[in-house]
J.: 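Dropping the structure in here first, questions after.
What you see below is based on every heavy atom in this structure, not just the backbone, and it leaves out hydrogens, waters and symmetry mates.
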Amino acid sequence: MARLGDPRPQPADPRGFSMLERNEMMRQRLAKIDAARTAGEIPYPNDFQPTHTGADLMRALFAHLESHNPDRTPGPAVRMAGRVMAVNIKGKVAFLRLRDRSGPEVLRLRKEENALRVAAGLEPREEGASTFQVFFQRNEDEVLWDQMFKGDRAIDLGDILGVVGRPFRTQTGEPSLRACLTDDAGALFSGEQAGAACVRVLTKGVRPLPEKYHGLQDKETRFRQRYVDLIMNDDTREIVRRRALVVRGLRAFFDSRDYLEVETPMMHTLLGGAAARPFTTHHNALDMPLYLRIAPELHLKRLVVGGLERVYELNRNFRNEGLSQRHNPEFTMLEFYRAYATYHDLMDEVETLFAKLAVDVTGSPDLVYGTNPDGTPRQISFRAPFARVTVHEGLQRWAGVAADDVNDVVALRKRADALDLYIDPKAGLGKVQMDLFEHAAEPHLIQPTFVMDFPAEVSPLSRRKDSDPTLVDRFELYVAGMEISNAFSELNDPVDQFERFEAQLAQKAQGAEETMDMDLDYVRALEYGLPPTAGCGIGVDRLVMLLTNTESIREVILFPHMRPENRVDAGQIADVVAPDSPEGA
RNA sequence: GGGUCGGUAGCUCAGUCGGCAGAGCAGCAGACUUUUAAUCUGUGGGUCGCGGGUUCGAUUCCCGCCCGACUCACCA
């Protein structure tokens, strides 16, 4: 294959595409890689190991908040690496802004430092940059300076650099790494690295980065090329960090309460555990169809039958449904099951969990999510106890249903018509109740609210209420109008369960698409005896949305589902040669 | 699937009531020894999403298509 820096038109790759499209900037950068190679360097070295991060640099300087500019800074020299986000050459000195993995921490440390500065009677510094600064003075190493900033190997925005130097503050007090300022350089490198330059391009950025001030805005590009989004947008990195905190917090919570984390099959032979359409796939050797799971529920309860009295699984579910701000075809669900508990016990547990996570992730049980109708920030409080309301109460309070009409399907349909809500004519009482409830009540369920006591008809796996067998011991938790969690006391009567599966089959026979299959093995498990158990599912993506104040599920999923990008996904990057190519055309 | 809006330089965007395509940043050349989105001077860069139609002439108007955002439907 031809050298990448070669500006001439490239022959098509046998696989049908050439390696990279080209524009002028990319050709310039590719040529620099060749120039380095020609100069005898390895263009993609892997022998540089940073000793400090940007956050380490900041912390190392906390003892000296004031500006100073010593010729030699005491303390050991350090090695740092990061991507070049800004270059500012001012005559014979240069300021490079680099970012490494500690960017979010750098942001926090800047705030922390300002608090210290104010306490020490100093002016606060600008906050908001997740980068750290490298200071390079030409007279430290004129040959290296010229190589870095002039000529055929000059660094570019987006390059990944390794720098050796000493922490210091510039005249204006900016915490910086002073490149090449080493009085004991011999100790910095050994072996093959001995004599290496103190500023090195570790990886050349061939593609130019988005504009430095506005950054990358286009949502499609942000989701498709998440790597660019992560390079450019601090907010995106913060969401990723918070999501990690949520996942860590969930595991810590359940681990500490003696739950066992388990993994159950992602590929199912039967549909169950939720009302949803599945993705189907095929097992070649067994020549049989398989479903990607829509829920782990039935497997987890089998484990409780087996004596694992407290289990949880944190993993993906797949539902073949439309995409929306709140729906992605694959989404992360935490389900946990606890023997000898009721759905009331789980409400208490969920309250505790959410308050803890809010504090872990945002620092407070009170947070802001979205805006009120008047445009002001909407406050949401995860302080226990959460509001609790039954479906019947909600129908009366928000849908304007008279108490006597709550179970009157004709009256309920009349209300739906009055509210301009279409409900499937084939829907039974329970479905009508829930459609009406969701339509009328959801907009009111802003603060965390447990909606309790659902119709048995729409809850084929839930335990019937002792006081009213048409209802079940079930709750859903709503926050900001979103369903976050669904839980119930589990149905452990195998005969009743068998009959409910039969009812599902009857609904399917009548054309309902989102019904469960008869799962005889599950019934068999119940026949061995499922202890009284309550189980709960928590939509992790939506929970992360709440804790990051994002309105789209695609913001909290690193690679949300997108239509294929034909050009790339089909391996058909055109063999484009820019029209100004000297030998093109 | 329906509705609305959008796709213009590497990025963020403006614009053309049909007549040589614009800015800022990035790039290139230069100045500048402490900048913070550095500044200043000069300068190169375009399949105006794709295809067809109307027209002397289409990036602009018309038709179709592709892609996206929002929204409705669907969907615990």
J.: Using a heavy-atom cut-off of 4.0 Å across all strands, would you classify A:Glu321 as base, sugar-phosphate, or nothing?
T.: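 Sugar-phosphate only.
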J.: In the strands shown, is B:C25 matched to any nucleotide by a Watson-Crick or G-U wobble pair with both distances under 3.5 Å, and which?
T.: B:G10
J.: Measure from NZ on A:Lys150 to C1' on B:G30 and round the result to the nearest Å.
T.: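 Rounded to the whole Å, the gap is 9 Å.
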J.: How about A:Tyr337 and A:Glu335: does a side-chain donor come under 3.5 Å of a side-chain acceptor?
T.: yes
J.: Remember a base hit wins even if backbone is also touched, and classify A:Glu483 as base, sugar-phosphate or nothing at under 4.0 Å, heavy atoms.
T.: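 Touches a base.
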J.: Can a side chain N or O of A:Arg222 be found less than 4.0 Å away from OP1 or OP2 on B:G68?
T.: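 Looking at the OP1 and OP2 atoms of B:G68, neither is under 4.0 Å from any side-chain N or O of A:Arg222.
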J.: Base, sugar-phosphate or nothing for A:Gly539? Non-hydrogen atoms, less than 4.0 Å.
T.: nothing
J.: Less than 4.5 Å apart, any side-chain heavy atom of A:Arg153 and any of A:Val201?
T.: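 Sidechains of A:Val201 and A:Arg153: no contact.
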J.: For A:Glu66 and B:U34, what is the distance between atoms CD and C1' respectively, to the nearest whole Å?
T.: 17 Å
J.: Using a heavy-atom cut-off of 4.0 Å across all strands, would you classify A:Gln28 as base, sugar-phosphate, or nothing?
T.: sugar-phosphate
J.: For A:Lys212, report the nucleic acid contact type (base, sugar-phosphate, nothing); a contact means any heavy atom under 4.0 Å.
T.: sugar-phosphate
J.: Give me the one residue out of A:Glu66, A:Glu112, A:Glu174 that meets salt bridge (Lys or Arg N to Asp or Glu O under 4.0 Å) with A:Arg125.
T.: A:Glu174
J.: Counting Watson-Crick and G-U wobble pairs only, both distances under 3.5 Å, name the nucleotide matched with B:U4, or none.
T.: B:A69
J.: Just to be sure I understand the rule, does A:Ala94 reach a base, reach only the sugar-phosphate, or reach nothing, if contact means heavy atoms closer than 4.0 Å?
T.: nothing
J.: Taking atom NE2 of A:His64 as the centre, report whether more than 12 heavy atoms of other residues, nucleotides or ligands fall under 6.0 Å from it.
T.: no
J.: Looking at the base of B:U36, is there any donor atom on it, or on the side chain of A:Arg125, that sits under 3.5 Å from an acceptor on the other one?
T.: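 When only heavy-atom distances are counted, A:Arg125 does reach the base of B:U36 through a donor-acceptor pair under 3.5 Å.
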J.: For A:Gln325 and B:U71, is the shortest distance between a side-chain N/O and OP1 or OP2 below 4.0 Å?
T.: yes
J.: Taking only the side-chain nitrogens and oxygens of A:Arg224, find out if one of them lies under 4.0 Å from OP1 or OP2 of B:G68.
T.: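 Yes, A:Arg224 has a side-chain N/O under 4.0 Å of OP1/OP2 on B:G68.
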J.: Could you work out the separation of B:G19 and B:A69 based on their C1' atoms and round it to a whole Å?
T.: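 Looking at atom C1' only, B:G19 and B:A69 are 34 Å apart.
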J.: Which nucleotide, if any, forms a Watson-Crick or G-U wobble pair with B:U36, using both distances under 3.5 Å?
T.: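 Partner of B:U36: none found under 3.5 Å.
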J.: Across the strands shown, which category fits A:Arg326 at heavy-atom distances under 4.0 angstrom: base, sugar-phosphate, nothing?
T.: nothing
J.: Which comes earlier along RNA chain B counting from the 5' end, the contact point of A:Ala274 or that of A:Asp218, where each point is its nearest nucleotide?
T.: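 It is A:Asp218, whose closest nucleotide lies nearer the 5' terminus.
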J.: Here's a test of your reading of the structure: between A:Leu216 and A:Arg29, which maps to the more 5' nucleotide of RNA chain B?
T.: A:Leu216
J.: Does A:Lys32 make a side-chain N or O approach to OP1 or OP2 of B:C28 shorter than 4.0 Å?
T.: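 So the side chain of A:Lys32 is within the cut-off, an N or O lying under 4.0 Å from OP1 or OP2 of B:C28.
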